[in-house]
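Contents: one structure, followed by commentary.
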Amino acid sequence: AAKDRVRVVDYGVSVEGRPLRLVLVSSPENIARLEDIRGKIARLADPRGAQNAELERILKQSPCITWINHCIHGSETASFEACMMTLYTLAASESDAVQRALRNTVVVLNPVFNPDGHERYVTYYNSVAVGSPDRLALEKDPPWEVQGRFNHYRFDMNRDKLALSQPESRQETAALQRWNPQVYVDQHGETRSYFFPPNDPAVHAQADRTRLLRWTTIFGQGNADAFDKYGWQYSTRGNGFDFFYPGYLDTYAGLMGAIGMTYETDGGGVLAERHDDGTSRTMRQGVAHHFEAALATVRTAGANRENLLRDFLAYKHAGIAGDPAEKIKQVVIAPSGDPGRLAELAEVLIRLGVEVKETTSALKLPAGIEYLPPSATASKSKVEAKAGLLVVDLAQPNGKLARAILEPDPGFEPEFVKDQAERRARNELKNPRVRKEEYSFYDVSAWSLPYAYGLTAYSVETPARPAMQALKLGADGRVALTTLRGGVPGGKAKTAYLIPWGT
């Protein structure tokens with residue numbers, strides 16, 4: 001009924017065959033030129049070769065892209081319900097505020113990232129629920145096998161942006177790179193009070209901590225103004241929600257140039273829940289809070305359209321230029337006896353949006369620092385190979401992401417490290433029966449894809465320039481390396497082969 005404002009785009013299917021789709025909402029004028037807008041934003045995402053006049057026209061004329069994601073955890077159902085309210089309001093509202101925002105931004109709604117987990121959970125829940133707020137009610141304790149947090153394979157996909165092990169993660173990542181949002185919100189639940197950024201430390205350095213704090217403060221103030229009208233409780237810092245591990249949806253989007261944010265609602269998952277102080281929270285309340293936060297985000301994005309686009313472009317330019325303060329300019333990765341693993345790593349990097357090349361001639365480096373041990377004092381060694389090495393230049397549009405996922409040792413803020421060390425010192429002085437201070441870190445603290453794939457990697461300060469070819473995904477979604485050619489010659493085999501399982 002609102003085709004002038006809405007487009008529905010399928011971007012894949014879940015493991016169990018349910019559709020994965022985006023709903024795009026904007027003004028009729030923007031919807032009519034949607035593909036042109038997408039192309040112009042893609043130009044900002046990779047501005048190499050563009051003239052300043054062309055980029056300036058895009059900054060002046062194009063709406064920004066605001067992406068709101070729902071229900072990656074299928075049992076956090078308030079975001080799924082809120083999406084319907086958000087979509088209806090954006091599609092039907094005739095208010096000046098909504099229409100003005102839609103002229104300045106294209107809103108991308110992903111109604112349910114994890115449809116398999118969501119359907120599994122709500123089917124069970126609706127069969128037993130009576131809406132009791134009692135914490136011991138049957139509906140509060142679903143069996144593990146029907147829990148909806150996970151996808152079909154019982155995998156938590158909000159830890160999967162680095163490995164891209166799940167089909168839903170791979171398909172959503174490709175869709176995100178197609179639309180290149182400047183704002184990315186991931187709606188979650190359920191916390192005691194509603195949460196939106198600014199975040200706690202640690203914040204990954206490659207996300208540009210100053211930039212992220214500036215924008216999350218702007219969006220946080222917009223959300224706070226909306227909540228204050230109703231007298232609703234909310235919190236920002238102090239919940240332990242950091243911005244460090246690239247495997248989260250918001251952090252990955254942030255390293256791709258968006259302002260990535262997680263919102264946690266304070267109701268949902270169950271129809272009602274009673275707190276220790278006797279107060280209750282309900283699904284309806286949680287939905288209402290997500291709905292108001294989503295509308296506030298759309299309004300804030302629309303009001304800051306040009307500045308968001310300029311900031312996005314500046315972030316990409318910084319990636320292309322490289323950071324002069326960083327010693328590592330290039331990463332070279334060798335197969336370590338298993339070229340199949342090298343191809344798998346190349347595939348993941350390309351899916352993540354990182355440009356990867358393969359050497360087709362001999363490579364000689366006078367010195368490269370081998371990742372193991374990951375130490376500033378590690379000895380430099382010569383690197384020589386005929387061909388078949390992966391080379392990742394860290395000066396590229398997504399260079400900050402590439403550095404974040406490849407560097408051997410991600411760095412924390414000095415003040416964050418100091419605070420954690422002080423907590424530890426205080427804890428060690430306490431009696432064993434006294435409750436210790438918690439350490440303010442949310443989840444994963446270290447990663448590096450060359451380690452994960454068992455490959456030898458070298459940090460290079462002076463980039464090598466042997467003959468190389470850019471790698472791309474084939475029609476089968478795989479990467480074909482020149483050094484990786486398989487087959488059984490000689491016709492029908494008369495010999496059985498035993499192959500070590502670890503390769």
Side-chain angles (χ1 to χ4, degrees), residues 73 76 135 149 156 158-159 161-162 186 188-217 219-221 223-224 227 233-252 254-255 260-266 273-279 281 325-326 371-378 403-405 407-448 451-452:
H73 294 146
E76 296 175 359
R135 68 176 56 186
R149 180 178 181 85
D156 184 344
N158 198 33
R159 305 298 187 276
K161 276 293 186 177
L162 196 59
D186 192 23
H188 281 264
E190 306 346 303
T191 51
R192 179 64 182 268
S193 64
Y194 198 96
F195 169 83
F196 48 77
N199 303 81
D200 285 338
V203 175
H204 200 287
Q206 297 305 320
D208 190 336
R209 292 160 179 161
T210 302
R211 165 184 183 259
L212 186 68
L213 177 59
R214 182 178 74 252
W215 278 112
T216 54
T217 300
F219 280 97
Q221 188 61 60
N223 292 344
F227 277 46
Q233 187 180 37
Y234 55 87
S235 62
T236 55
R237 301 174 183 84
N239 291 266
F241 296 122
D242 58 26
F243 200 85
F244 195 68
Y245 173 51
Y248 300 127
L249 268 64
D250 61 346
T251 315
Y252 172 77
L255 291 166
M261 297 178 286
T262 285
Y263 294 174
E264 299 265 355
T265 196
D266 50 342
E273 190 163 15
R274 184 181 295 118
H275 295 307
D276 292 338
D277 61 4
T279 61
R281 62 183 182 185
E326 296 279 2
Y371 268 30
L372 290 173
S375 168
T377 60
R403 189 181 297 277
I405 63 180
E407 63 186 353
D409 190 14
F412 296 100
E413 301 99 322
E415 60 272 25
F416 174 77
V417 175
K418 180 175 182 291
D419 177 56
Q420 303 310 299
E422 290 172 349
R423 295 185 190 206
R424 179 181 179 182
R426 290 193 295 268
N427 283 339
E428 289 177 344
L429 294 174
K430 291 181 178 179
N431 186 296
R433 296 185 179 182
V434 175
R435 182 170 181 155
K436 304 293 193 294
E437 291 183 62
E438 293 185 0
Y439 299 104
S440 54
F441 195 85
Y442 191 75
D443 206 344
V444 182
S445 61
W447 61 89
S448 183
Y451 290 143

Taking every heavy atom of Pro246 against every heavy atom of Leu255, the minimum-distance pair comes out as CB-CD1, 3.9 Å
### Task
Report, as yes or no, whether the 6.0 Å neighbourhood of atom CZ on Arg214 holds more than 12 heavy atoms from other residues, nucleotides or ligands.
yes
Side-chain contact test, heavy atoms from C-beta onward, threshold under 4.5 Å: evaluate it for Glu190 versus Thr265 and give yes or no. yes
When rounded to the nearest 0.5 Å, the distance separating OG1 of Thr236 from CD of Gln221 is 10.5 Å
Between Thr262 and Pro197 the two heavy atoms that sit nearest each other are O-CD, 3.4 Å
To the nearest 0.5 Å, atom CZ of Arg426 lies from atom NZ of Lys430 at 7.5 Å
On a heavy-atom basis, the closest approach of Tyr451 and Pro408 is OH-CB, 3.7 Å
Result for ring pair (Phe, Tyr, Trp, His ring centres under 6.0 Å) between Phe195 and one of Tyr234, Phe241, Phe227 points to Phe241
| request: Kindly indicate, with the supporting measurements, whether the criterion salt bridge (Lys or Arg N to Asp or Glu O under 4.0 Å) is fulfilled by Asp250 and Lys161. | output: CA-CA 10 Å; Asp250 61 346; Lys161 276 293 186 177; over 6 Å; no
Among side-chain atoms of Tyr194 and Asn223, is any donor-acceptor pair under 3.5 angstrom? no
Pairwise side-chain contact, Asn158 with His188, heavy-atom cut-off 4.5 Å (strictly under): yes
Q. In terms of side-chain heavy atoms, does Tyr248 have a donor or acceptor partner in Asp186 at a distance below 3.5 Å?
A. no
Closest non-hydrogen contact found for Phe416 with Pro201 is CD1-CB, 3.5 Å
Requested in this report: May I ask you to check whether over 12 heavy atoms, not counting those of Arg135, lie within 6.0 Å of atom CZ?
Outcome: no
Would you please test Phe412 and Phe244 for ring-ring contact (aromatic ring centres under 6.0 Å, His included) and show each step? CA-CA 9 Å; Phe412 296 100; Phe244 195 68; 4.6 Å; yes
Tyr439 meets the ring pair (Phe, Tyr, Trp, His ring centres under 6.0 Å) criterion, sequence neighbours left out, with none
In terms of heavy-atom contacts, does CD of Glu415 have more than 12 from other residues, nucleotides or ligands at under 6.0 Å?
yes
Thr279 and Asp277 have their tightest heavy-atom pair at OG1-OD1, 2.6 Å
Heavy-atom closest pair (Gly411 atom, Arg209 atom, distance to 0.1 Å) is O-NH2, 3.1 Å
_Tell me if a side-chain donor or acceptor on Arg423 pairs with a main-chain N or O of Glu438 at a distance below 3.5 Å._
yes
**Report entry** Side-chain donor or acceptor of Arg281 paired with backbone N/O of His275 under 3.5 Å
**Finding:** no
For Asp156, the salt bridge (Lys or Arg N to Asp or Glu O under 4.0 Å) test, sequence neighbours excluded, returns Arg149, Arg159
Residue set satisfying side chain to side chain donor-acceptor pair (under 3.5 Å) with Gln420, at least two apart, ordered chain then number -> Ser440
Please check this pair: side chain of Asn427 against backbone of Lys436, looking for a donor-acceptor N/O pair closer than 3.5 Å. no
Greater than 12 external heavy atoms within 6.0 Å of Lys418's NZ: no
**Asked** Going by heavy atoms in the side chains, are Trp447 and Tyr245 under 4.5 Å from each other?
**Response** yes
Value for CZ (Arg211) from OG1 (Thr216), rounded to nearest 0.5 Å, stands at 10.5 Å
